[in-house]
Every structure is written in C-alpha cells, then in structure tokens.
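Quick notes on the structure that follows.
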Amino acid sequence: MKVGFIGTGNMGGALAHAAAQSPAPAELLLSNRTPEKAQALAQQLGATVSDNETIAQTCDYIFLGVKPQMMADLLARLQPILSRRQEGFVLVSMAAGLTLQRLREMAGLSCPILRIMPNTACAVGAGLTLYVPSPEVTEEQLSAFLTLMSASGRLEPLEEHLIDAGSAVAGCGGAFVSLFLEALADGAVTCGLPRDKARRYAAQMVLGTAQLALQSGQHTAAMKDAVCSPGGTTIAGVRALERGGFRSAAMEAVIAAYEKTLALKS
C-alpha cells in the first residue's frame, strides 16, 4: 500500500508519524511546499520525498494536509491526474470547515473521500481522530484506513453535522490545554519550583487525570469533589479559578473555535 501526504506541517507530520508505526506496512511518500521540511521528516520516518503529482498518480490514500483556503486550487491541479486513474484511491482531508460535498465539488470527481479531524497527539499514539466517510468509501477501504491510523490513538466515527463541534474540543482543545499547562507551571515556578519540574509535574498530572476520566467513567464533577477536602488547599485553588471565570473562559474558547469553523464555510 502506498500512502501519500501532501503537506507535512504539524498535523500532516503527526499523521505521517502514526502511519509509520502502522501494523500494516505501507510505503510513505511526502510532499511539502518547503522541500526541506519533507526531507527532514522523511529521514525520521524512513519515507520518500515526492511531489504532489506523483502522490496523486500512485498512492492508495492521499492525505491533503493543506489549509482550507488552499484546497480548491490544489484539487483543481490534481483533478486531471486523479480522473485518469484506473485503480481505486481515497482522498483524506483534514481541512477545517470543508464538508464532504464541498470537497467533492472541489475535486470535480465522485471519488471516495474521508473527512477527518485529528489532533497533534496522534504523533505519540495518544490522539483522537474523528472521521466521516463519503458513500463511495468501501468497507475494505475504511478498514484499511483504520488499520493504517491505529497507532495514532483513538479513531471515532461521527456524523458530519457534529464533526465541527467535535473538532472544536478534540482538535483545538490541545492548544487550550497547552495554555493551561503553561499557566500551571508558571504558578509553580512562582512558588519556587524549578521550571523543568514544574512543566513535567503539570503535564503528568493532566495526563493522569485524563486517563482516570476515560478509564473510570466518572463524571468530572465527582473527580473534582474527590480531591477537594473541606477547608483544604484544592478547594481554595478551585475558588480562585472560579473567581477568574475559568469555566466560562474554557466554554467560550470552544464556542469561538466552533464559530470560526462555521465561518470558513461561507
């Protein structure tokens, strides 16, 4: 199986890392506007540096890692090549806001398309990828894709009308959590903890809390209550967060990301 990545930025690169760890061996072809970036990634993964046209002509799965505003031009240039292909292929788009219907119109083809919304944690096998296939995607093609991406973390099907909302938390949320981690570390440094320890402790705490939430199935309110002893240190910190509007700010961040995604469609 040949798998091509057109665009090896943060997200495309993370998925290429996951594909390189797939239990089903695949030949990886990488293309990027900045060839040096593709070359550096290819050396890490044992992949081949290629070009958009070769990937479009030869690959079974073609990952389109370009910005939404660049997608129409890219697909217009690839359309003559794709239309001549005799063997099956699947376009895999990770562009925010571009629906399956819009992608089909841009490609000018009724070809199999997978719309996915992954996150950068896919690079370390702890990601979440939401996906929705077009009707043209066969069971065999979908199964092969899920195997290809199995090393990336969780893969969850989601109705297309919900995928933008899902991405606002699962995709964009990584940046929000990174801000939170940085702030926690800054607070600990202010209290005298060395920076390297502050960052490590904050990251491990968030990782452990997330694993507990997923594995225990507990409501997060119950998890919070379990740590907040009466008159204790944790409830004092929770009070400070509430005074700063922490929960409202987190909600507004997700809503703002969702509304921006909707704006990309217009």
Side-chain angles (χ1 to χ4, degrees), residues 1-50 52 55 59-68 70-71 74 90-98 103 113-133 142 144-158 163-164 166-182 199 203 206-207 210-211 214 257 261:
M1 181 167 63
K2 282 190 175 183
V3 180
F5 290 84
I6 297 178
T8 57
N10 293 335
M11 198 64 261
L15 293 177
H17 271 280
Q21 302 300 317
S22 171
E27 181 181 353
L28 302 185
L29 279 64
L30 310 179
S31 173
N32 197 71
R33 282 192 305 168
T34 306
E36 294 78 13
K37 181 176 287 189
Q39 182 64 54
L41 184 61
Q43 289 177 351
Q44 291 181 46
L45 304 182
T48 302
V49 177
S50 186
N52 296 356
I55 288 174
C59 286
D60 302 295
Y61 291 84
I62 303 167
F63 285 76
L64 306 171
V66 301
K67 298 183 185 300
M70 300 170 60
M71 187 67 77
L74 172 65
V90 180
L91 297 179
V92 185
S93 169
M94 60 194 87
L98 296 184
L103 290 164
I113 302 174
L114 273 165
R115 182 183 174 192
I116 66 171
M117 295 308 300
N119 59 29
T120 52
C122 290
V124 294
L128 172 62
T129 299
L130 309 175
Y131 68 88
V132 57
L142 180 58
F145 167 79
L146 295 176
T147 300
L148 175 68
M149 287 288 104
S150 60
S152 69
R154 292 173 178 256
L155 295 108
E156 293 201 7
L158 187 64
I163 206 164
D164 293 330
S167 177
V169 62
C172 303
F176 311 154
V177 172
S178 295
L179 281 176
F180 181 49
L181 285 171
E182 184 180 16
R199 292 175 59 192
V206 169
L207 175 63
Q211 288 179 334
L214 288 171
T261 300

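The basis for the numbers below is simple: all heavy atoms, side chains too, and nothing from hydrogens, waters or symmetry mates. Fair warning: this is a prediction, and the values are worked out from it, not measured in the lab. In this chain, numbering begins with 1 at the start of the sequence shown.
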Nearest-0.5 Å distance, [atom1] of residue [X] to [atom2] of residue [Y]:
X      : Y      : atom1 : atom2 : value
Leu64  : Ile116 : CG    : CD1   : 9.5 Å
Met1   : Leu148 : CE    : CG    : 4.5 Å
Gln39  : Gln44  : CD    : CD    : 11.0 Å
Ile62  : Lys2   : CD1   : NZ    : 11.5 Å
Leu214 : Arg154 : CG    : CZ    : 5.0 Å
Met11  : Thr129 : CE    : OG1   : 6.5 Å

With sequence neighbours excluded, residues passing side chain to side chain donor-acceptor pair (under 3.5 Å) with [X]:
X     : value
Ser93 : none
Asp60 : none
Ser50 : none

To check you understand the geometry: which heavy-atom pair defines the closest contact between [X] and [Y], and what is its length?
X      : Y     : value
Asn32  : Thr8  : OD1-N, 2.9 Å
Leu28  : Ala19 : CD2-CB, 4.0 Å
Leu45  : Ala20 : CD2-CB, 4.1 Å
Leu30  : Ile55 : C-CD1, 4.2 Å
Arg115 : Gly97 : NH2-N, 3.7 Å
Ala95  : Met71 : CB-CE, 3.8 Å

[Y] side chain reached by [X] side chain, heavy atoms, under 4.5 Å:
X      : Y      : answer
Leu114 : Pro133 : yes
Ser152 : Pro118 : no
Leu103 : Leu91  : no

Q) Taking it one step at a time, do Val92 and Phe145 satisfy side-chain contact (heavy atoms from CB on, under 4.5 Å)? A) CA-CA 10 Å; Val92 185; Phe145 167 79; 4.2 Å; yes
Q: Mark yes or no for whether Ser22, through its side chain, and Thr147, through its backbone, hold a donor-acceptor pair below 3.5 Å.
A: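 Checked: pair present.
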Q | Side-chain donor/acceptor of Ser167 to backbone N/O of Ile163, under 3.5 Å | A |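 Between the backbone of Ile163 and the side chain of Ser167 there is no qualifying donor-acceptor contact (under 3.5 Å).
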Q: Mind checking ring pair (Phe, Tyr, Trp, His ring centres under 6.0 Å) for Phe63 and listing every partner two or more places apart, or none if nothing turns up?
A: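 Per chain and number, Phe63 pairs via ring pair (Phe, Tyr, Trp, His ring centres under 6.0 Å) with Phe5.
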**Q.** Phe180: partners by ring pair (Phe, Tyr, Trp, His ring centres under 6.0 Å), with sequence neighbours left out
**A.**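 Per chain and number, Phe180 pairs via ring pair (Phe, Tyr, Trp, His ring centres under 6.0 Å) with Phe246.
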Q) Got a sec, which residues hit salt bridge (charged side-chain N to carboxylate O under 4.0 Å, His left out) with Arg199, two or more places apart in sequence or on another chain? A)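 Arg199 satisfies salt bridge (charged side-chain N to carboxylate O under 4.0 Å, His left out) with no residue once adjacent residues are dropped.
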Sequence neighbours left out, cut at 3.5 Å: what donor-acceptor pairs do the side chains of residues 119-128 make with other protein atoms?
residue: Asn119; atom: OD1; partner: Ala121; partner atom: N; Å: 3.4
residue: Asn119; atom: OD1; partner: Leu128; partner atom: N; Å: 3.2
residue: Asn119; atom: ND2; partner: Ala170; partner atom: O; Å: 3.0

Residue list, side-chain contact (heavy atoms from CB on, under 4.5 Å) with [X], at least two apart or on another chain:
X      : result
Ala175 : none
Ala144 : Tyr61
Pro25  : none
Leu146 : Tyr131, Leu142, Leu155

(Q) Pair His17, Leu41 - check side-chain contact (heavy atoms from CB on, under 4.5 Å), show working. (A) CA-CA 9 Å; His17 271 280; Leu41 184 61; 3.5 Å; yes
